[in-house]
Amino acid sequence: MNTVKKLWKLGRKEFNTEHLDVNKEGELIVREGNTQYNIYDLVRKFDSPTEIFLPFILEQRLSHLLETFANTAKELDYKGKYFYHYPMKVNQNKEFVLTLVSEGAHLEVSSANELWFVEKLWEEQNFYNKIRVLCNGPKTPHYIRTIEKVRSNGLSIVPIIENLNEFALLKDFKGDIGIRINLKTRVSSHWDHPIDRFGLTSEEILDLGKIKNLKILHYHIGSQIELEKDMIEPVKEAFLTYKKLKKLNPGLDTMDLGGGFAVPYEKKRMYSVESVVKKILQLLRTLSDEARIPHPNVIVEWGRHITAPSQFTIFKIVASKSIEGAL
Ligand SMILES: *Cc1c(COP(=O)(O)O)cnc(C)c1O
């Protein structure tokens, strides 16, 4: 039994498997508080492969993130607010979206299709009207029409400008606007391209002068970012532009730091939520105090960090062979 636990790294917080265990019969179980689910029984009932989804893990992870922001902001006397926006490309199932929204998540969509789905949920009155939706991705005419329509139905929606063409298309947009910056900082991640085509450079953004209704400066620099310093360095660079933009656009009050918080897939020492949140807020507090501007509101869109451990798939073993020295 212990061999199985060890092989699959079960019951270990550092691998996000603290809810998993094997019982005396050697069957896989999941614990939620003092309740125990027998996964083996489920798979016997539904056959293989079976996908298991544990909404309570989503709830726990998001409430841990929001609590960490709350505690840290209090400790550091950070005056800005913080928001979590769930990047819907991670998983668009209603079970995911509604579970997270019920814990306080806002949303981020990257296409007209995802926005269409949000519109349906909104029409079914699943959401409280304080929810806000950020719109990334190429703004096709259809996408922009959907944005306008959803906005006029009362949903708070913020299109994020990703290039100069979109800037022109959204010039007369009535609500809040965001803009995506393409940073020079490069990080070691699953998005390790020498060239990033998304967003405008700092120079391009500042050349636009005053941007009507500008509210958010956004970047998304990578996924599965390996080092803690790479979670912090981009904040520093983005702040330089934020500070200059704020002079021209006093309504700008929010920095959206995108996704990237890694999941411990391999045996590596991982950074913690507590530590990253503290470093981000400390840095932003110092920089904005020095610049004599209010502490910015902070958005994070950490997708896989919140969702990855809530879902797994069980496959039947159809053949096996022993490998010497495997364990
Ligand atoms: C993919 C994506 C995310 C989520 O990235 P994770 O690595 O899962 O945290 C967040 N924001 C944007 C704009 C994305 O494209």
Side-chain angles (χ1 to χ4, degrees), residues 16 57-58 61-62 64-66 68-69 82-93 96-97 99-101 103 105-115 117-118 132-139 143 147 157-163 166 177-183 185-193 195-200 205 215-228 230-235 238 254-266 268 270-273 276-277 280 297-312:
N16 292 333
I57 292 184
L58 286 187
R61 291 180 77 82
L62 181 54
H64 174 247
L65 176 65
L66 294 176
T68 305
F69 264 106
Y82 47 86
F83 302 94
Y84 176 73
H85 282 251
Y86 172 57
M88 277 183 52
K89 75 156 188 277
V90 171
N91 192 318
Q92 291 139 17
N93 279 311
F96 272 72
V97 178
T99 302
L100 287 167
V101 166
E103 281 298 313
H106 297 264
L107 298 170
E108 184 265 341
V109 301
S110 50
S111 66
N113 281 354
E114 284 173 9
L115 186 56
F117 182 52
V118 171
R132 183 172 60 181
V133 182
L134 307 181
C135 297
N136 278 305
K139 312 299 178 301
Y143 194 4
I147 290 174
I157 188 154
V158 186
I160 308 285
I161 295 168
E162 297 193 357
N163 56 50
E166 292 182 5
I177 288 275
I179 197 158
R180 178 163 175 172
I181 182 168
N182 180 352
L183 298 174
T185 306
R186 287 289 170 264
V187 300
S188 178
S189 76
H190 279 203
W191 181 276
D192 228 353
H193 307 305
I195 302 170
D196 178 354
R197 293 179 193 79
F198 294 96
L200 293 92
I205 293 177
K215 175 95 174 157
I216 299 175
L217 180 67
H218 167 57
Y219 68 79
H220 172 68
I221 201 160
S223 251
Q224 190 64 8
I225 293 175
E226 285 166 20
L227 302 172
E228 180 171 53
D230 286 345
M231 296 293 291
I232 313 301
E233 284 301 314
V235 182
T254 303
M255 285 178 71
D256 173 357
L257 316 182
F261 199 105
V263 171
Y265 295 120
E266 297 154 58
K268 266 187 203 152
M270 272 279 305
Y271 43 84
S272 71
V273 171
V276 169
V277 167
I280 289 172
N297 301 329
V298 176
I299 291 175
V300 293
E301 302 173 350
W302 298 340
R304 70 176 79 208
H305 164 73
I306 296 289
T307 58
S310 70
Q311 196 185 17
F312 51 89

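Start at 1 and go down the list; that is how both ligands and their atoms are numbered.
Residue-to-ligand polar distances keep W302 apart from ligand 1: every N/O pair is separated by 3.5 Å or more. At under 3.5 Å, a nitrogen or oxygen of G260, whether backbone or side chain, sits near a nitrogen or oxygen of ligand 1. Where the criterion is an N or O separation shorter than 3.5 Å, residue side chain and backbone included, R180 fails it with respect to ligand 1. For the pair K89 and ligand 1, the shortest N or O to N or O distance falls below 3.5 Å. For the pair G303 and ligand 1, the shortest N or O to N or O distance falls below 3.5 Å.
No side-chain donor-acceptor contact under 3.5 Å links Y82 to the backbone of V300. Remark: side-chain polar atoms of E103 are not paired, donor with acceptor, to backbone N or O of L62 under 3.5 angstrom. With hydrogens and angles disregarded, a donor-acceptor distance shorter than 3.5 Å links the side chain of Y84 to the backbone of W302.
Counting heavy atoms closer than 4.0 Å to ligand 1, residue E301 contributes atoms from both its backbone and its side chain. Of the heavy atoms in E108, only side-chain atoms (C-beta onward) come closer than 4.0 Å to ligand 1. By the criterion of a heavy-atom distance under 4.0 Å, both the backbone and the side chain of S223 are placed next to ligand 1.
Residues I299 and R132 form a side-chain contact, since some pair of their non-hydrogen atoms from C-beta on lies under 4.5 Å apart. Side-chain atoms of Y86 and N91, non-hydrogen and from C-beta on, do get closer than 4.5 Å to each other.
L217 pairs with exactly one of T254, I160, I181, D256 by the side-chain contact (heavy atoms from CB on, under 4.5 Å) rule, that one being I181.
Proximity to N136 (heavy-atom distance under 4.0 Å) selects the following atoms of ligand 1: 13 (C). For ligand 1, the atoms closer than 4.0 angstrom to any heavy atom of R304 are 6 (P), 7 (O), 8 (O), 9 (O). Atoms of ligand 1 lying under 4.0 Å from any heavy atom of G259, numbered from 1 in the order shown and given with element: 5 (O), 9 (O), 10 (C), 11 (N).
Closest heavy-atom contact between R61 and H305: NE-O, 2.7 Å.
For an aromatic pair to be called close, the ring centres must be under 6.0 Å apart, and Y271 with F261 satisfies this.
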